[in-house]
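One structure is given here, and the rest of the page talks about it.
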Amino acid sequence: MARIAYVNGRYLPLPAAAIAVEDRGLQFADSVYEVVAIADGRLIDEEPHLDRLDRSLAEIRLDAPLARPALRRVMREVVRRNRIAGGMLYLQITRGRARRDPVFPAQARPTVIMTARRLKPQAPQALAAGIAVQCVPDPRWRRRDIKTVALLPNVLVRNSARAEGFADAWLVDDDGLVTEGTFSNAWIVTRAGEIVTRPRSHDILWGITRRTMLLLAAELGLTLIERPFTVAEAKAAAEAFITGATSYVTPVTRIDDGVLGTGTIGPVTRRLAERYSAYMAART
Ligand SMILES: Cc1ncc(COP(=O)(O)O)c(C=O)c1O
């Protein structure tokens with residue numbers, strides 16, 4: 001079945017869907033986006049994702065081109081037309097098409113794009129084994145809280161990590177503190193059993209999975225601390241993991257050359273992964 005994309009009010013087969021050459025999203029990355037997980041055909045954490053989208057739009061001073069009910073309708077329609085049970089919805093809003101000029105155009109109409117695709121469920125073996133991450137200096141700008149499509153630094157770092165045999169990288173600030181993964185938030189579980197993740201600031205993206213995970217971990221009565229942590233601390237941790245709309249909860253079992261714990265998923269990470277998977281299955 002051909003995939004269907006939404007572009008500015010139209011539902012089109014993906015190969016026919018296009019935007020203008022002078023779209024500011026293409027020329028300046030003047031554009032924000034969201035990725036929402038789909039489980040059993042439902043959009044997980046739809047409202048927090050739309051809240052974050054509104055915040056990103058406000059931060060780049062772009063008025064929302066569609067009111068929330070209309071946006072929700074289109075999102076559901078894209079999921080329906082693509083017949084996705086499990087996967088992801090991608091939504092992007094750019095400042096639209098205008099003659100190339102850094103100054104905001106007086107009259108451009110924002111471009112709204114949506115696509116959806118299936119994703120294989122997380123394989124139990126992959127979950128058990130976890131991933132290896134490489135720590136590298138964070139090369140990004142200082143407003144990582146805005147979910148913009150200016151993802152070239154993330155892409156370059158992810159590819160260098162892959163070339164060196166790692167699944168992903170953890171980005172590290174000038175003080176030796178981990179900011180986040182290239183497309184995920186970073187967490188450790190200390191040997192004392194505390195779950196630690198960096199607090200919200202301009203330094204990281206305020207992950208929606210991170211937000212949900214904090215709520216679920218608190219419900220489970222686990223000890224949570226939002227504070228930055230160093231690479232050395234991460235390497236000495238009992239467990240580590242990442243969260244993201246498409247990575248869910250993925251254990252990190254190796255950081256650079258150091259293996260964590262037994263080199264397989266730890267008990268706290270397993271509990272959180274199971275709780276998150278139950279949360280996705282139960283959402284209405
Ligand atoms: C840099 C970065 N941090 C964190 C995340 C996780 O955010 P979310 O849980 O909303 O997917 C992402 C997701 O793409 C990301 O790109």
Side-chain angles (χ1 to χ4, degrees), residues 29 31-39 43-57 59 75 86-93 114-117 119 122 131 133-162 167-173 177-188 195-217 226 228-229 234 240-252 269 272-273 275-277 279-280 283:
S31 177
V32 296
Y33 79 108
E34 282 296 325
V35 171
V36 186
I38 304 167
L43 291 156
I44 303 301
D45 285 336
E46 182 181 15
E47 291 309 301
H49 277 286
L50 291 175
D51 290 343
R52 183 173 65 184
L53 178 67
D54 281 347
R55 182 176 180 279
S56 295
L57 286 168
E59 292 293 332
M75 289 164 78
M88 57 167 266
L89 177 100
Y90 178 84
L91 184 176
Q92 184 181 339
I93 300 178
M114 282 188 223
T115 56
R117 69 180 162 96
L119 288 177
Q122 202 171 29
I131 60 166
V133 299
Q134 181 182 37
C135 293
V136 299
D138 194 333
R140 299 172 300 161
W141 72 328
R142 288 166 197 260
R143 288 304 308 274
R144 301 152 191 163
D145 56 309
I146 307 173
K147 196 163 170 69
T148 80
V149 300
L151 293 166
L152 186 59
N154 315 49
V155 166
L156 291 177
V157 167
R158 166 76 65 97
N159 279 277
S160 317
R162 285 286 165 94
D168 200 0
W170 273 10
L171 304 166
V172 182
D173 70 16
L177 300 160
V178 174
T179 53
E180 57 188 334
T182 55
F183 288 85
S184 59
N185 289 111
W187 306 66
I188 57 169
I195 302 171
V196 181
T197 196
R198 192 165 175 129
R200 291 189 307 178
S201 71
H202 289 175
D203 298 334
I204 62 164
L205 183 75
W206 304 359
I208 301 303
T209 321
R210 173 191 180 282
R211 167 197 168 277
T212 298
M213 195 49 53
L214 286 171
L215 296 171
L216 297 177
E226 288 182 74
F229 56 85
F241 61 94
I242 56 168
T243 55
T246 55
S247 41
Y248 318 112
V249 176
T250 298
V252 170
T269 308
L272 291 174
R275 184 66 193 89
Y276 188 68
S277 143
Y279 171 83
M280 285 183 68
R283 292 298 285 178

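Atoms within a ligand are numbered from 1 in the order they appear, just like the ligands themselves. Heavy atoms only: backbone and side chains are in, while hydrogens, waters and symmetry mates are out.
- Ligand 1 has no N or O atom lying under 3.5 Å from any N or O atom of Leu205, backbone or side chain.
- In this structure the side chain of Leu214 reaches within 4.5 angstrom of the side chain of Arg210, judged on heavy atoms.
- In this structure, Tyr276 and Tyr248 have tilted ring planes: the angle between them lies in the 30° to 60° band.
- Tested against Asp173, the residues Arg144, Arg140, Arg198 include a single salt bridge (Lys or Arg N to Asp or Glu O under 4.0 Å) partner, Arg198.
- For the pair Arg140 and ligand 1, a heavy-atom separation below 4.0 Å is found.
- Of the protein's heavy atoms, Ala245 N, 2.8 Å lies nearest to atom 11 (O) of ligand 1.
- Looking only at protein heavy atoms, the nearest one to atom 8 (P) of ligand 1 is Ile208 N, 3.5 Å.
- Residue Trp206 places no N or O, backbone or side chain, under 3.5 Å from any N or O of ligand 1.
- Each of the atoms 6 (C), 9 (O), 11 (O) of ligand 1 lies under 4.0 Å from some heavy atom of Gly244.
- Which of Ser184, Pro48, Gly207 comes nearest to atom 4 (C) of ligand 1 through a heavy atom is settled by distance: it is Ser184.
- In the candidate list Glu180, Arg52, Lys147, Glu180 is nearest to atom 3 (N) of ligand 1, counting heavy atoms.
- Nearest protein heavy-atom contact of atom 9 (O) of ligand 1 is Thr209 OG1, 2.6 Å.
- By the 4.5 Å heavy-atom criterion applied to side chains, Phe183 and Thr246 are not counted as neighbours.
- Summary of contacts: the protein heavy atom closest to atom 6 (C) of ligand 1 is Asn185 OD1, 3.7 Å.
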